[in-house]
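These notes concern the structure reproduced below.
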2 protein chains.
Amino acid sequence: MELKDAKEKFIQSWGNLGSNWGVNKTMAQIHALFLITDHLLSAEEVMEELQISRGNANMNIRALIEWGLLYKESIKGERKEYFRGEKDIWLVARRVIQMRQRQEINPMLNVLGELKVVETNPENKGEAAKFIEQMKQIEAFTQSADRMFSKVASSDEKWFWKILMKLMR
Amino acid sequence: MELKDAKEKFIQSWGNLGSNWGVNKTMAQIHALFLITDHLLSAEEVMEELQISRGNANMNIRALIEWGLLYKESIKGERKEYFRGEKDIWLVARRVIQMRQRQEINPMLNVLGELKVVETNPENKGEAAKFIEQMKQIEAFTQSADRMFSKVASSDEKWFWKILMKLMR
DNA sequence: CAAAACTTTCAAAAATATTTGAAAGTTTGA
DNA sequence: TCAAACTTTCAAATATTTTTGAAAGTTTTG
């Protein structure tokens with residue numbers, strides 16, 4: 001395969017992967033473009049490369065910055081904004097974990113907190129007790145997963161590899 | 001909050017959570033209904049409870065069975081099919097991990113395998129080398145994550161808690 | 001075997017998510 | 001201060017995903 005085609009294929013595949021991990025397709029494609037580009041790129045160049053509209057480029061670049069996957073940089077004497085992508089794939093993973101914790105796990109934990117204090121009427125005592133029990137189980141599991149994600153998201157790569165070794169033996 | 005409302009809220013929230021984890025909303029809602037129901041339910045009853053169409057119920061029940069989150073059961077003397085939900089939330093998580101490995105991680109690993117052997121022409125030597133290097137990094141990380149998921153997906157709950165303890169200290 | 005009871009399919013409709021691009025907004029420099 | 005250079009916004013258009021429901025398919029039973 002030619003380099004040009006390989007780059008194209010990588011951008012497409014990264015886009016598909018992203019859309020399963022809470023990053024929309026264009027957002028992931030922009031990120032992929034930066035992963036395989038060494039120099040800074042302007043919004044204009046991103047539009048050009050990926051054949052997307054100005055608005056789309058702008059929105060998704062902002063989102064990537066929000067996620068900590070892209071950095072704004074200036075070139076002295078240039079008025080235009082330029083961007084640099086986060087290339088460290090371990091850091092990328094940590095950022096994604098962090099964002100998903102915020103957007104999904106925390107809200108779910110809040111709901112579970114509410115639900116496990118449902119009121120028990122005399123006539124549905126047993127049913128309510130079972131419901132509460134199930135909510136507690138789900139809450140306990142979710143909290144553990146949450147803590148584990150927090151730990152991973154705040155650890156460095158060395159720690160991760162060490163843990164991985166331990167897990168695998 | 002009343003039990004009825006709590007159940008409703010749980011179904012909605014589980015639906016939202018699901019749609020971020022590769023399980024579509026109705027599929028997750030059906031699963032939620034089973035999580036908080038002790039007896040068997042027929043497709044008819046699921047349709048009724050969640051106010052969804054026959055086709056929708058059928059499709060998503062099949063998908064849940066495919067994912068290993070629902071089991072088909074018979075009631076003797078009854079012609080209708082009944083279903084029972086997987087309630088063990090740890091097992092549910094493992095099944096979801098397994099499915100996502102299959103659907104996302106494996107295809108990505110295949111693509112990365114192809115891309116890292118891109119041909120190097122004399123005129124783009126340096127560029128190609130950098131691209132290959134980046135692909136290798138991403139591949140190494142993805143493989144590790146993949147192995148870790150495999151381990152988790154095939155382990156029992158006790159192992160999980162033990163690891164969790166280790167991680168947290 | 002026929003028809004009742006039930007399940008599956010799938011094309012069309014509806015709902016949801018994403019993208020566009022023109023217009024409005026902002027910043028900079030002369 | 002103004003206008004050029006650039007960025008942001010957002011309503012409408014497009015694309016994608018999900019849902020519907022009627023029709024076709026299958027199984028069971030009398």
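From a predicted model like this one, the values you see are computed outputs, not experimental measurements. Just so it is clear: chains get the letters A, B, ... in the order the sequence lines come, proteins before strands, and each one is counted from 1.
- Contact check of residues 17-34 of chain A against DNA chain C (heavy atom, cut-off under 4.0 Å) returns A:Asn24, A:Thr26.
- In the hydrophobic clustering, A:Val117 connects to no other residue, as no ILVMFWY side-chain heavy atoms lie under 4.5 Å from its own.
- In this structure, B:Asn60 places its CG atom 9 Å from C1' of D:dT19, rounding to the nearest Å.
- Salt bridge status for A:Asp38 with A:Lys87: present, with a side-chain N to carboxylate O gap under 4.0 Å.
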Distance-only donor-acceptor pairs under 3.5 Å for side chains of residues 90-98 of chain B, two or more places apart:
{"unit_1": "B:Arg94", "atom_1": "NE", "unit_2": "B:Ala153", "atom_2": "O", "d": "3.1"}
{"unit_1": "B:Arg94", "atom_1": "NE", "unit_2": "B:Ser155", "atom_2": "O", "d": "3.1"}
{"unit_1": "B:Arg94", "atom_1": "NH1", "unit_2": "B:Ser155", "atom_2": "O", "d": "3.3"}
{"unit_1": "B:Arg95", "atom_1": "NH1", "unit_2": "B:Gly68", "atom_2": "O", "d": "2.8"}

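- Taking the side chain to side chain contact (heavy atoms under 4.5 Å, CB included) definition, one finds that B:Ser42 meets it with B:Glu44, B:Glu45, B:Lys80, B:Tyr82, sequence neighbours left out.
- A side-chain donor-acceptor contact under 3.5 Å links A:Asn56 and A:Asn60.
- B:Thr142 pairs by the side chain to side chain contact (heavy atoms under 4.5 Å, CB included) definition with B:Ile105, B:Leu109, B:Leu112, B:Ile138, not counting sequence neighbours.
- Remark: the A:Asn106 side chain and the A:Gln101 side chain contain no N/O donor-acceptor pair separated by less than 3.5 Å.
- Distance alone, capped at 3.5 Å, places no donor-acceptor pair between the A:Glu2 side chain and the A:Lys4 backbone.
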request  = Do nucleotides 6-13 of chain D as a string where each nucleotide becomes B, S or -: B if the base has a protein heavy atom under 4.0 Å, S if just the sugar-phosphate does, - if no protein is that close.
outcome  = SBBB----

